[in-house]
Amino acid sequence: MKRRIRQRQSQTAELLKSCIKRDWTKNFFIYVCVLYRHSRTRKYESELHMCRLEVLAVEFSEYHPLKAITVTDSKSRRGGRKGSTSSSSSSSSSVAPDPLSSMLDGTDPLSLFAAVSETPTLPHSISLGRKRKEKEEEVGSDFEPWSSKRGEILSRFTTTEKLSINLFMGSDKTSSPSSAVSEKVRTRLEELDDLEEGSQRELLNLSQQDYVNRIEELNQSLKEAWGSDQKVKALKIVIQCRKKKILHQNFVCQCSKLLSDTSVIQFYPSKFVLITDILDTFGGLVYDRIWSMCADPHPLPESFSADDVNDTAKETCLNWFFKIASIRELVPRLYVEAALLKCNRFLTKSGIQETLQRLTAMIRGIGDPLVAVYARVYLCRVGMEVAPHLKDSLNKNFFDLLASFRQVHGESVQNLLVLQRVEIPIYLTLYSPAIHWILQCVAHRAPEVLLTEMMDRCKKLGNNALLLNSVMWAFRAEFVATRATDFIGMIKDCDEAGFPKHLLFASLGRSLSVADPPESERLSILNEAWKVITKVRSPRDYINCAEIWVEFTCRHFTKREVNTVLADIIKHITPDRAFEDAYPQLQSVIKKILTYFHDFSGLFSMEKFLPFLDMFQKDSVRVEVCKSIMEVFIKHQQEPTRDPVILNALLHICKTMHDSVNALMLDDEKRALSLLINGFIRMVSFGRDFEQQLSFCVEARATFCNLEPVIIQLIHTVNQLAMETRHVMKGNHSRKTAAFVRACAAYSFITIPSLTSIFSRLNLYLLSGQVALANQCLSQADAFLKAAVSLLPEVPRTISIEGKQRSSEPFLLDFINNFLSTLLVVPDHPEQGVLYLVRGLLNMVQDYTWEDNSDTKIRVYISALPLLAAMGQESYLYTIPKVDSNETLYGGDPKFIAEINKLCETLISQVLDHLKGLGRDEGVRRQGSLAFSLSGCLLAHGDLRNNKLNQLVVNLWNLSHKHGFCDTRTSVRTLEYIKHQAQQADMSHLSDVTARLSLQSRA
């Protein structure tokens, strides 16, 4: 060893000689051997006392940390010319400014930028329409808009039959305003020829998707034609008529006439949605066009009247209505005029009301009841958008519907159904969206008297299940709930053949799931409903209805009734594996039960709950159900549990989630499953039965072996268990405690190598070693720490983080620093020699393959110097109770201090060698950073009363600032701290150091 020291000293001497010869160390006189022979003696308690904040008495009447802050904002403006005066203004506020408040009022920079960038690109008519739309009378948030029903209708009413459509394929030829009269005449004749020869093309054998695409193309063509000022072509698209005389009369029937066609009756509701979209577009374009004509010279006020409209706009508006009046067919004329209903505002004050009454009466002339009811839907929809306060037309439409509803069972309808092979129950469902919408419009904010009158009229009709179903859908849930018994009586009187009773009970159940019936009637309501539901033979119809009533049962009854309902569902859905087609409904049942039952002991003790879960045999669905159960458990379970019923059930559920893991599963999905399972593990506690808790962790380790985050959680749980054991089991249980802690250590030591993440293994080795050390298990702690050191060479140079390759060196440096702080309290092994763990760690660092141009190894050496300085103190900064650290084992023995000094000499030699190499290339920035770190280390731990060490610190400081790459803010704070320390009696020698430390900037 002496020989090695002499070699190291000679190497250091050579290094010093070479340093003196170079410019970068011209003033770098250093004697390494004096460094830790002159490390300053630390008095940690007094230093801690000095670092504490000063306590001052505060009058709370004048000050409170939550008191509003008065902010004074001073703004100054200086002129750019000589002699200009400056003005300033200040404002104060008693409320603290909120930097996020501007985002709420739309004044943040991004909102302003979006507003500025978007505004010029909007067409004038669209911007006006948007402005008017914001000022229109609102119906209310409690009214379900048509847009929410649109998608449901399109997805519900489909067909596999072939469809046909008549499209206008007229010429796109246009004449310029400067054309001669003869050219205009020729163009007009060509348009008429096109109309006769090929303007009508009937597209046959279209699929439903092709039909939808063609309609959407028409809608887009309408917008494009209007935008390019081709009003005639736009009108052709809207009207589609087969007249061939005057061109302006050929424009009124195209799309709207399609609503007279019921050749594919099952698709009619979806066709209605598609066609009325085009009509809405057309009506908006016409209205915006007339509105823009009124904006010259000043735009119309928000609540304008017909007197405010100029003659040109009125004439244009009347011209549109005259063209509509020339349409011969009733259905197209009605729809197009309804689309332009809002334009009546430009003509007369009462025009909208009069037109609504007239169009309501016109609908009575439509013979087909399905076409008539959807015409009423469109009229009610437009009326609610334009004038929601005009309720008379809505009521008349509903009462006309009641009067004409008997036509549904007429001979002509029956013949049509026979021709298209459509059964009456399916045909009646086509009316549901229409009647629902009309009733919703009528019932919206309607008085109780009107609702009662409407219900009485429905009773008089008798045997009208379809209408009764719509009433329960559209009326307020509270109205239906308070009269639930009356509705059940009306349902009983309905004929089963026309409209199934289980659908009526389903509608009733929807209302009762959000509103409570009288308490005395709840049990009888459930019994009456379930008598009908349980007799439904079709599994699909049964589960659709039962799923609705499950919420009513969970809402008002106990787990006994819920268990009965689950038993009946299992009975109906199990035969022929019908549950495979009912997974969405079964999932809904589980979610509703979990919404109302949070006592998992009672839930899992239900006889039919777990068998109900067994019906989810599709892997993906079963996992989703298990996830929903675990989410509710983690959210609502307030205290840890040891209930065997809960533990066994949740272990089975978590195992189901774990077993779904495969090689194709995304990392995010694995992470989500791990979070749920970890939440369950954290809620398991057996109190002071630590052995049972450890047995649970052993079982969980075998069960969840494919999810690494769960294994990590289990190791943390076992370490926490070992620490709890230390505090609880004392006295006569010391031997038992030690044995249990060793068992916990064995669990961790066996489990950690199974992890794939190298840093997870390193950190858990360190954590487990710290726990073993805290429990006086020195041999186990030694094994963990040595395992961590031996694992360092396996750390890869790069690791994957969120799918990207990152350098592992910052993470490795962080781990080593944490490891070094632990080594202060780890006693040396009697058979391994002095500082064997420190030496082993540094040897591994020396042999590790670092990245090119990396300073991490040198930073580890610098980080080790404070540890060695702390080890040389008579009293350590921190210790572990009942564990003798090296301060006790060596007692400040000079040989121990000498070993520390030798190790320091070696480390500093390595640092100097590295600094020398950086001076030869372009590494001056790195050189300055490392020199600053080393100078800070010496300032904190060295005894600067030694002149040579004092000079070393000054030289390192000057080297770090030589090229101006050092952080000025950090340097200033460091100097301030040194000056503060110099004010102490025993640290006055630092004044000389501060006088010699200067700040240099980059040249």
Side-chain angles (χ1 to χ4, degrees), residues 513 543 546-548 550-551 553-555 557-570 573-574 579-580 582-662 665 668-685 696 699-700 703-704 706-707 709-710 713-714 717:
S513 63
I543 193 60
E547 176 258 330
I548 296 172
V550 165
E551 184 164 6
T553 308
C554 296
R555 188 183 178 96
F557 298 96
T558 64
K559 64 178 184 179
R560 176 176 172 270
E561 288 77 13
V562 174
N563 188 67
T564 303
V565 171
L566 292 181
D568 192 65
I569 293 176
I570 294 173
I573 301 299
T574 302
F579 53 78
E580 294 181 347
Y583 284 141
Q585 293 83 355
L586 297 178
Q587 285 180 271
S588 177
V589 170
I590 289 292
K591 290 180 180 179
K592 290 175 180 178
I593 293 175
L594 294 175
T595 301
Y596 294 95
F597 290 90
H598 301 148
D599 179 12
F600 284 86
S601 179
L603 186 64
F604 291 130
S605 63
M606 266 198 262
E607 181 183 359
K608 298 299 180 181
F609 185 77
L610 293 180
F612 186 86
L613 293 181
D614 291 337
M615 290 194 297
F616 295 98
Q617 297 187 12
K618 186 178 179 180
D619 292 342
S620 59
V621 178
R622 182 169 64 248
V623 171
E624 289 299 322
V625 172
C626 293
K627 287 169 63 176
S628 63
I629 295 175
M630 292 307 304
E631 288 171 356
V632 175
F633 173 79
I634 294 172
K635 180 179 180 180
H636 294 282
Q637 185 69 22
Q638 301 296 328
E639 298 179 354
T641 181
R642 60 184 300 174
D643 190 329
V645 175
I646 296 178
L647 297 185
N648 291 333
L650 292 183
L651 265 177
H652 173 72
I653 290 173
C654 291
K655 185 178 185 302
T656 301
M657 295 191 299
H658 168 269
D659 293 344
S660 67
V661 175
N662 53 53
M665 180 174 285
D668 288 343
E669 297 177 4
K670 294 181 182 179
R671 192 178 300 113
L673 295 179
S674 300
L675 287 175
L676 294 175
I677 298 176
N678 287 342
F680 162 62
I681 292 173
R682 285 191 290 266
M683 295 305 299
V684 176
S685 175
F696 169 80
E699 182 183 358
T703 304
F704 310 122
N706 291 331
L707 290 174
V710 178
Q713 175 63 43
L714 288 171
T717 302

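All residue numbers refer to positions in the sequence shown, counting from 1. These numbers come from the heavy atoms of this one structure, side chains and all, not from hydrogens, waters or symmetry mates.
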Could you state the interatomic distance from OG1 (Thr574) to CG (Asp614), rounded to the nearest 0.5 Å?
10.0 Å
Find out whether Met665 and Asn662 are in side-chain contact, i.e. whether some heavy atom of one side chain is under 4.5 Å from a heavy atom of the other.
yes
So, Gln713 versus Thr717: side-chain donor-acceptor pair below 3.5 Å or not?
yes
Do Pro709 and Asn678 have side chains that get closer than 4.5 Å, going by heavy atoms?
yes
Under the side-chain contact (heavy atoms from CB on, under 4.5 Å) criterion, do Leu586 and Val625 qualify, and how do the steps go?
CA-CA 9 Å; Leu586 297 178; Val625 172; over 6 Å; no
Can you check whether Lys592 reaches Val589 side chain to side chain, under 4.5 Å on heavy atoms?
no
Spatial distance of atom CD (Glu547) from atom CD (Gln587) [nearest 0.5 Å]:
11.0 Å
Would you please test Thr641 and Ser601 for side-chain contact (heavy atoms from CB on, under 4.5 Å) and show each step?
CA-CA 10 Å; Thr641 181; Ser601 179; over 6 Å; no
Heavy-atom side-chain contact between Met683 and Ile634 under 4.5 Å:
no
A side-chain contact here means heavy atoms from C-beta on lying under 4.5 Å apart; do Leu650 and Met630 qualify?
yes
Considering all heavy atoms of both residues, which atom of Cys626 and which atom of Ile653 are nearest to each other, and what is their separation?
CB-CG2, 3.4 Å
Nearest atoms (heavy-atom pairs only) where Lys608 meets Ala567
CG-CB, 3.7 Å
Do Leu707 and Lys670 come within less than 4.5 Å of each other through their side chains, counting heavy atoms only?
yes
Between CG on residue Asp643 and CZ on residue Phe604, distance to nearest 0.5 Å
10.0 Å
Are Thr558 and Glu561 close enough that a side-chain donor and a side-chain acceptor fall under 3.5 Å?
yes
Reported CD-to-CZ distance for the pair Gln637 and Arg682, which is rounded to 0.5 angstrom
13.5 Å
Give a yes or no on whether His652 atom NE2 has more than 12 heavy-atom contacts from other residues, nucleotides or ligands under 6.0 Å away.
no
Polar side-chain atom of Arg622 near backbone of Gln617 as donor-acceptor pair, under 3.5 Å
yes
If you compare all heavy atoms of Ile593 against all heavy atoms of Cys554, which two are closest, and at what distance to 0.1 Å?
CG1-SG, 3.8 Å
Taking the inter-plane angle between the rings of Phe579 and Tyr583 on a 0 to 90° scale, is it parallel (under 30°), tilted (30 to 60°) or perpendicular (over 60°)?
tilted
NE2-NE2 distance between His636 and His598, expressed to the nearest 0.5 angstrom:
3.5 Å
Show the nearest heavy-atom pair for residues Ser660 and Val623, with the distance to one decimal.
CB-CG2, 3.5 Å
Drop me the distance from Ser674's OG to His658's NE2, to the nearest 0.5 angstrom.
8.5 Å
Quick one: does Leu566's side chain get under 4.5 Å of Phe609's, heavy atoms only?
yes
Walk me through whether Tyr596 and Glu551 qualify under side-chain contact (heavy atoms from CB on, under 4.5 Å).
CA-CA 9 Å; Tyr596 294 95; Glu551 184 164 6; 3.1 Å; yes
Treating Asn563 as the side-chain partner and Glu607 as the backbone partner, does any N or O pair qualify as donor plus acceptor under 3.5 Å?
yes
Check the orientation of Phe633 and Phe600. Use parallel for under 30°, tilted for 30 to 60°, and perpendicular for over 60°.
perpendicular
Can you confirm whether Leu651 sits close enough to Phe696 that some side-chain heavy atom of one is under 4.5 Å from a side-chain heavy atom of the other?
yes
Pair Phe616-Ile590, side-chain contact (heavy atoms from CB on, under 4.5 Å): steps then yes or no:
CA-CA 11 Å; Phe616 295 98; Ile590 289 292; 4.0 Å; yes
Shortest non-hydrogen separation from Ile543 to Ala582 and the atoms involved
CG2-CB, 3.9 Å
Between Lys559 and Ser605 the two heavy atoms that sit nearest each other are NZ-OG, 3.5 Å
For the pair Thr595 (side chain) and Lys591 (backbone), establish whether a donor and an acceptor sit closer than 3.5 Å, ignoring hydrogens and angles.
yes
